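Down below is the structure, laid out as structure tokens.
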There are 2 protein chains.
Amino acid sequence: MSLAHAILGVVEARPMNGYELARFFDAHAGWVWSAPRSQIYPQLRNMEDAGLITAERQVRGERLERRVYSITAAGAAELREWVSTPFDTRSKRDALLLQALYFDVVDPTVAVAVLRNVIDEQAAIARSWASHADQLRRHNTPLLKERLKRRPPTEHERIARIKAHVFDAGTALAQARIAWAEEGIRILTAGPDDAIAAE
Amino acid sequence: MSLAHAILGVVEARPMNGYELARFFDAHAGWVWSAPRSQIYPQLRNMEDAGLITAERQVRGERLERRVYSITAAGAAELREWVSTPFDTRSKRDALLLQALYFDVVDPTVAVAVLRNVIDEQAAIARSWASHADQLRRHNTPLLKERLKRRPPTEHERIARIKAHVFDAGTALAQARIAWAEEGIRILTAGPDDAIAAE
DNA sequence: GCCATACCTGTCAATAGAGACAGGTATGGC
DNA sequence: GCCATACCTGTCTCTATTGACAGGTATGGC
């Protein structure tokens with residue numbers, strides 16, 4: 001399951017508790033991988049049971065404790081193994097494309113409104129991904145700084161470039177979707193005359 | 001749920017039984033939306049209970065029956081409603097990007113091998129999507145032919161263009177991923193000298 | 001007539017994921 | 001001292017999704 005590997009990659013940078021992880025997935029990794037709290041806490045327990053992470057338990061008050069999780073050697077090995085494994089990249093579901101596939105059953109103006117919404121959302125995504133890639137290239141995100149502390153300085157530039165390049169993908173894919181939606185609007189707004197003229 | 005709407009869009013073209021739908025999702029719609037048999041059969045029952053589709057039951061042998069489902073007026077209304085609704089297009093999970101995010105923990109040659117696999121797979125996807133878009137533009141797929149029988153001829157060209165444009169998206173996104181993976185290989189194979197030289 | 005194959009419909013168990021609900025703890029500002 | 005807020009860990013229920021398993025029916029080729 002990918003959530004486990006997403007968590008392994010984060011705690012590999014620095015130890016975190018469930019709350020921090022949940023906030024991190026909301027704020028940052030949510031762009032690449034998202035998960036609700038109700039999935040994170042049980043997942044951490046499972047990973048602890050599996051020996052992929054260890055918890056340092058800190059007592060808080062009378063009943064609560066805070067568990068700060070660190071990656072274990074087994075966890076690091078599992079992460080390397082998973083990252084090394086080529087897997088099926090064929091996307092199995094795309095709700096946006098499914099919706100567009102049936103645009104012929106609604107009024108063109110309605111479909112155009114849906115596509116305009118797509119363009120606005122994807123433009124916002126492209127901006128925030130580009131901004132994050134830029135921050136990474138400047139070695140300027142909190143988690144990257146923590147991560148680099150544990151790596152030799154000669155590797156720092158390379159690591160930052162690898163991370164930034166992932167967010168470049170988000171930008172490029174968002175821009176591809178925008179271009180596609182714009183072309184879709186042209187197709188939907190072309191009248192029957194245009195269609196015949198274009199034959 | 002999107003599976004229900006994927007099914008509605010297919011049976012809107014022509015009535016089908018569960019087996020045909022399962023094969024269709026494997027062969028064609030699987031590119032946009034996939035589902036195993038074990039999800040399709042219960043889903044059809046639910047949709048029948050909800051009045052979105054109706055089944056014509058044909059007896060086969062002593063114990064089996066074949067159920068051929070057609071869309072109802074309520075189902076067609078539900079499909080139009082769903083297609084008209086702008087929804088959140090921010091992708092919540094991308095296993096490929098998650099994997100690439102942690103390429104720094106493995107040997108570059110391993111990461112490059114993963115990316116080469118991505119390129120091969122995405123190239124195959126781009127080819128088959130482009131081919132399908134071409135077939136649609138020629139009004140040459142079985143389901144499109146069925147679908148057009150129920151629409152006025154003046155609409156045929158428009159409908160074919162809308163469908164084909166969805167598969168253009170698949171091609172464009174696959175090509176964007178290929179370009180991204182190729183750039184990733186360049187970053188991974190660049191030595192420390194290159195990195196310094198590029199500063 | 002037999003058999004391989006395609007046709008046809010399901011069940012079951014397990015995991016993943018979403019969203020609502022529940023409740024205790026520390027701290028800074030008033 | 002009180003209270004709002006952020007910190008912190010969970011449970012519960014429902015639905016989605018997967019993969020394995022189960023089994024009956026029609027048909028064309030040998």
Side-chain angles (χ1 to χ4, degrees), chain A residues 1-8 11 15-27 29-30 32-50 52-53 55-69 82 87-88 90-95 98, chain B residues 1-8 11 15-27 29-30 32-50 52-53 55-69 82 87-88 90-95 98:
Chain A
M1 190 229 327
S2 299
L3 174 57
H5 299 105
I7 291 173
L8 284 175
V11 299
M16 280 194 188
N17 60 32
Y19 188 70
E20 283 178 300
L21 276 164
R23 281 198 312 168
F24 182 79
F25 276 97
D26 284 346
V32 176
W33 204 264
S34 73
R37 283 158 171 57
S38 58
Q39 206 181 346
I40 289 172
Y41 285 110
Q43 182 66 239
L44 287 169
R45 292 300 188 98
N46 290 346
M47 292 167 69
E48 188 184 5
D49 292 345
L52 302 175
I53 53 178
E56 183 200 345
R57 284 149 205 265
Q58 303 170 347
V59 177
R60 295 170 66 75
E62 290 177 359
R63 302 188 208 178
L64 280 190
E65 58 179 10
R66 169 160 57 184
R67 279 185 280 268
V68 180
Y69 294 95
W82 182 76
F87 57 83
D88 192 348
R90 285 168 299 187
S91 79
K92 298 195 161 301
R93 289 179 191 99
D94 191 319
L98 182 63
Chain B
M1 191 227 328
S2 299
L3 174 56
H5 299 106
I7 291 173
L8 284 175
V11 298
M16 280 194 187
N17 61 31
Y19 188 71
E20 282 178 299
L21 276 164
R23 280 197 313 166
F24 182 79
F25 276 96
D26 285 345
V32 176
W33 204 264
S34 73
R37 285 161 170 54
S38 58
Q39 204 182 350
I40 289 172
Y41 286 109
Q43 182 65 239
L44 287 169
R45 292 301 187 99
N46 291 345
M47 291 167 69
E48 187 183 5
D49 292 346
L52 302 175
I53 53 178
E56 183 201 343
R57 283 148 205 267
Q58 303 170 347
V59 177
R60 293 170 68 77
E62 289 177 2
R63 301 188 209 179
L64 280 189
E65 57 180 9
R66 170 161 59 184
R67 278 184 282 270
V68 180
Y69 294 95
W82 181 77
F87 58 84
D88 193 348
R90 286 169 298 188
S91 79
K92 300 197 160 299
R93 290 177 190 98
D94 191 317
L98 182 63

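These figures come from a predicted structure and were not determined experimentally. Naming: A, B, ... by sequence-line order, numbering from 1 per chain. The figures that follow rest on heavy atoms only: side chains count, while hydrogens, waters and symmetry mates do not.
Here dA20(C) presents its C1' atom at 13 Å from CZ of R37(A), a figure rounded to the nearest Å. The distance between atom CG of D26(A) and atom P of dA6(D), rounded to the nearest whole Å, is 14 Å. Here dT9(C) presents its P atom at 12 Å from CD of E48(B), a figure rounded to the nearest Å. When the P atom of dT25(D) is taken as reference, atom CG of N17(B) falls 16 Å away, rounded to whole Å. Rounded to a whole Å, the CG atom of D88(B) is 14 Å from the C1' atom of dA18(C). Between the CD atom of Q58(A) and the P atom of dA26(C) there is a distance of 12 Å, given to the nearest Å. Residue R57(A) contributes atom CZ, which lies 11 Å from atom P of dT9(D) at whole-angstrom precision. Between the CZ atom of F25(A) and the P atom of dA18(C) there is a distance of 12 Å, rounded to whole Å.
Looking at every heavy atom in both residues, W82(B) comes nearest to F87(B) through CZ2-CE2, 4.4 Å.
In this structure, L8(A) and M47(A) have side chains that are in contact, with non-hydrogen atoms separated by less than 4.5 Å.
Checking side-chain atoms of R37(A) against main-chain N and O of Y19(A) turns up no donor-acceptor pair under 3.5 Å.
Here Q43(B) contributes atom CD and I53(B) contributes atom CD1; the two are 8.0 Å apart, rounded to the nearest 0.5 Å. We find the CG-CD1 distance between D26(A) and I40(A) to be 7.0 Å, quoted to the nearest 0.5 Å.
OP1 or OP2 of dA16(D) has not a single side-chain nitrogen or oxygen of Q39(B) nearer than 4.0 Å. For dG24(D), the OP1/OP2 oxygens have no side-chain nitrogen or oxygen of R66(B) closer than 4.0 Å. Applying the 4.0 Å criterion to OP1 and OP2 of dG10(D), one finds that R45(A) has a side-chain N or O inside that range. The side chain of Y41(A) places no N or O atom within less than 4.0 Å of a non-bridging phosphate oxygen (OP1 or OP2) of dG10(D).
Closest to the R23(A) side chain, of the nucleotides dT17(D), dC7(D), dC7(C), is dC7(D). You'll find that the side chain of R67(A) is closest to dG10(D), out of dT9(C), dC7(C), dG10(D). Distances were taken from every side-chain heavy atom of W33(B) (C-beta onward) to each of dT9(D), dT17(D), dT18(D); the shortest belongs to dT17(D). Minimum atom distance to the side chain of Y19(B) is reached by dC8(C), of the listed dG17(C), dC8(C), dC12(D).
The partner of dA22(D) is dT9(C), by the rule that a Watson-Crick or G-U pair needs both atom distances under 3.5 Å. Across all strands shown, dC14(D) pairs with dG17(C); the Watson-Crick or G-U wobble distances both stay below 3.5 Å. In a base pair of the Watson-Crick type (N1 to N3 plus N6-O4 or O6-N4) or a G-U wobble (N1-O2 and O6-N3), with each distance short of 3.5 Å, dC2(D) is matched with dG29(C).
Judged by closest nucleotide on DNA chain C, E20(B) is the one of E20(B) and S38(B) placed further toward the 5' end.
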